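First the proteins, then the strands, lettered A, B, ... as listed; each starts at 1. No experiment lies behind these values; they were computed from the predicted model shown.
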Number of protein chains: 2
Amino acid sequence: MNVKYYRGNTKFLVSIDCIIFGFSEGELNLLLFRRKIEPAKGSWSLPGGFIKEHESAEEAASRVLHSLTGLKNLYMEQLKVFTEENRDPGERVMSIAYYALVNVADYDHDLVLENNAHWRNINDLPELIFDHHDMFQVALERLRHKASTEPVGFNLLPEKFTVPQLQSLYEAIYGQRVDKRNFRKKVRTMNFLEKLEEKDKSGSKRGAYLYTFNKELYEQAIHLGFSFTL
Amino acid sequence: MNVKYYRGNTKFLVSIDCIIFGFSEGELNLLLFRRKIEPAKGSWSLPGGFIKEHESAEEAASRVLHSLTGLKNLYMEQLKVFTEENRDPGERVMSIAYYALVNVADYDHDLVLENNAHWRNINDLPELIFDHHDMFQVALERLRHKASTEPVGFNLLPEKFTVPQLQSLYEAIYGQRVDKRNFRKKVRTMNFLEKLEEKDKSGSKRGAYLYTFNKELYEQAIHLGFSFTL
DNA sequence: TCAAAAGTGTTAAGTTTACACCCATGA
DNA sequence: TCATGGGTGTAAACTTAACACTTTTGA
């Protein structure tokens with residue numbers, strides 16, 4: 001049955017690799033780990049794994065993300081397949097790159113440690129195996145674009161966050177400072193960002209008001225012609 | 001050698017499928033063909049083919065594009081891999097979608113005929129096999145975005161083109177009318193579009209001035225901070 | 001001579017940028 | 001009391017959108 005139609009064509013190993021972004025203390029980080037198998041065993045690598053017989057690529061990526069962070073239903077997007085014949089010196093493998101956004105308050109720290117994984121600032125990455133640095137570059141560009149036009153950045157923040165936190169997230173994503181007053185002006189136009197009574201005093205003595213992202217209100221706003229830009 | 005490291009993992013058939021855009025007489029068209037193999041033999045399909053043992057996906061896509069149109073070095077971009085287990089009812093195949101832009105003045109008409117391929121208006125597509133319509137949707141969105149921010153549209157036009165032609169191309173891509181005076185104003189700011197002495201009289205009695213896209217000038221402009229939007 | 005497409009500018013509305021001071025609080 | 005980060009508005013520059021008439025020419 002399995003060779004009924006397409007007999008004679010070459011089959012390939014296909015893996016997925018994950019560019020996992022996390023935001024913490026004003027810095028945008030990547031979750032990297034020490035590769036456990038040859039070739040290049042022990043080198044820094046993006047987390048990844050082979051796609052199994054009955055899995056889609058998305059399922060494989062979700063599985064890898066879950067096994068590393070303990071989290072399910074992470075925000076995740078396919079980026080690109082890398083298919084150069086010699087990209088992996090061990091054997092021919094095509095790899096599908098995904099990027100994912102993690103709220104660092106949520107993940108399972110012990111699991112990450114067990115896996116020999118570490119958060120590394122995107123501006124201070126170690127050398128990565130194969131074409132993994134290219135994958136990261138594609139991911140960062142995509143994240144920059146996506147975060148500027150869709151409310152995906154909130155996946156990197158806790159449920160409740162302050163405006164200064166949100167601003168510093170965007171500064172980390174874009175790699176440049178943004179004007180506080182102009183930023184807040186834009187936030188004020190987003191009435192799907194609900195201001196709470198509560199303040200977060202962790203960042204300052206005065207404390208900053210907490211906000212939440214309301215998905216329903218966001219969808220209403222979009223429906224009424226609102227277009228997200230930050 | 002070939003099973004040194006990754007032994008035991010499942011291998012997959014991997015194909016590429018091409019969404020080939022062509023622009024002619026104010027309409028944006030797709031090059032489709034009648035599938036020659038089972039399953040779904042005879043149904044409308046995107047052109048595609050399996051990736052061969054020593055090929056990258058790009059090389060496979062170039063090969064398929066060349067065999068169908070006689071053209072090399074077409075503008076081409078990877079879109080997305082489709083990996084759902086049952087996307088192809090014949091057997092499990094992962095397929096990498098590429099879109100390509102063809103100047104319809106250039107391609108080999110006989111070759112297209114031989115291959116049983118036909119240009120079909122994007123607003124009047126027949127039913128396509130498998131997930132090929134999804135692939136088209138992704139391609140159209142990407143083309144819209146890309147054409148609005150980078151000068152890729154010129155790949156759909158002959159070397160020399162008129163402003164009304166360029167405008168009608170953009171109207172076809174976006175699926176909506178644009179204001180003539182505002183459009184020309186923007187074109188005037190693009191000094192990498194060189195106005196020639198010649199006129200094209202095919203579209204009107206009066207004739208419209210021909211222009212060419214000058215890549216060197218474009219790159220200079222970009223270097224000086226110009227940002228393309230149309 | 002007239003139908004059909006090419007070509008041309010101005011104004012109002014909206015968006016983006018730049019910029020400086022007061023407030024609240026815990027140490 | 002003071003150092004630290006939170007919070008606020010306005011004006012100028014620029015960009016976008018809307019809109020109507022004249023020109024050229026072959027049939």
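Heavy-atom distances to DNA chain D give each of A/Lys199 and B/Lys199 a nearest nucleotide, and the one nearer the 5′ end belongs to A/Lys199. Residue-to-nucleotide proximity on DNA chain C shows that, of A/Ser204 and A/Lys186, the 5′-proximal contact is made by A/Lys186. Of the two residues contacting DNA chain D, namely A/Lys205 and A/Arg188, the nearest-nucleotide position lying further toward the 5' end is that of A/Lys205.
No side-chain heavy atom of B/Thr83 sits less than 4.5 Å from a side-chain heavy atom of A/Val14.
Across all strands, B/Lys180 comes closer than 4.0 Å to base atoms (heavy-atom distances). Here B/Lys201 lies in heavy-atom contact (under 4.0 Å) with sugar-phosphate atoms only.
A salt bridge links B/Lys215 with B/Glu219: the closest approach of a Lys/Arg side-chain nitrogen to an acidic carboxylate oxygen falls below 4.0 angstrom.
For A/Arg120 (side chain) and A/Leu30 (main-chain N/O), no donor-acceptor pair under 3.5 Å exists by modelled atom type. A donor-acceptor pair is defined here as one N or O able to donate and one able to accept, closer than 3.5 Å; such a pair exists between the side chain of B/Tyr170 and the backbone of B/Ala147. The main-chain N or O of B/Ile173 is found under 3.5 Å from a side-chain atom of B/Arg144 such that the two form a donor-acceptor pair.
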Do any side-chain atoms of residues 127-143 of chain A form donor-acceptor pairs under 3.5 angstrom with protein atoms, and if so which ones, sequence neighbours left out?
from	atom 1	to	atom 2	distance (Å)
A/Asp131	OD1	A/Arg87	NE	3.4
A/Asp131	OD1	A/Arg87	NH2	2.9
A/Asp131	OD2	A/Arg87	NE	2.7
A/His132	ND1	A/Leu46	N	3.0
A/Arg142	NE	A/Glu77	OE2	3.3
A/Arg142	NH2	A/Gln78	O	3.0

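Between the CG atom in B/Leu156 and the CG atom in B/Leu101 there is a gap of 4.5 Å [rounded to 0.5 Å].
Taking a heavy-atom distance under 4.0 Å as the criterion, the stretch of DNA chain C touched by chain A extends 5' to 3' from C/dT17 to C/dG26. Reading DNA chain D from its 5' end, the first and the last nucleotide to sit under 4.0 Å from a heavy atom of chain B are D/dA17 to D/dG26.
In this structure, B/Phe213 has its ring center at least 6.0 angstrom away from the ring center of B/Phe161.
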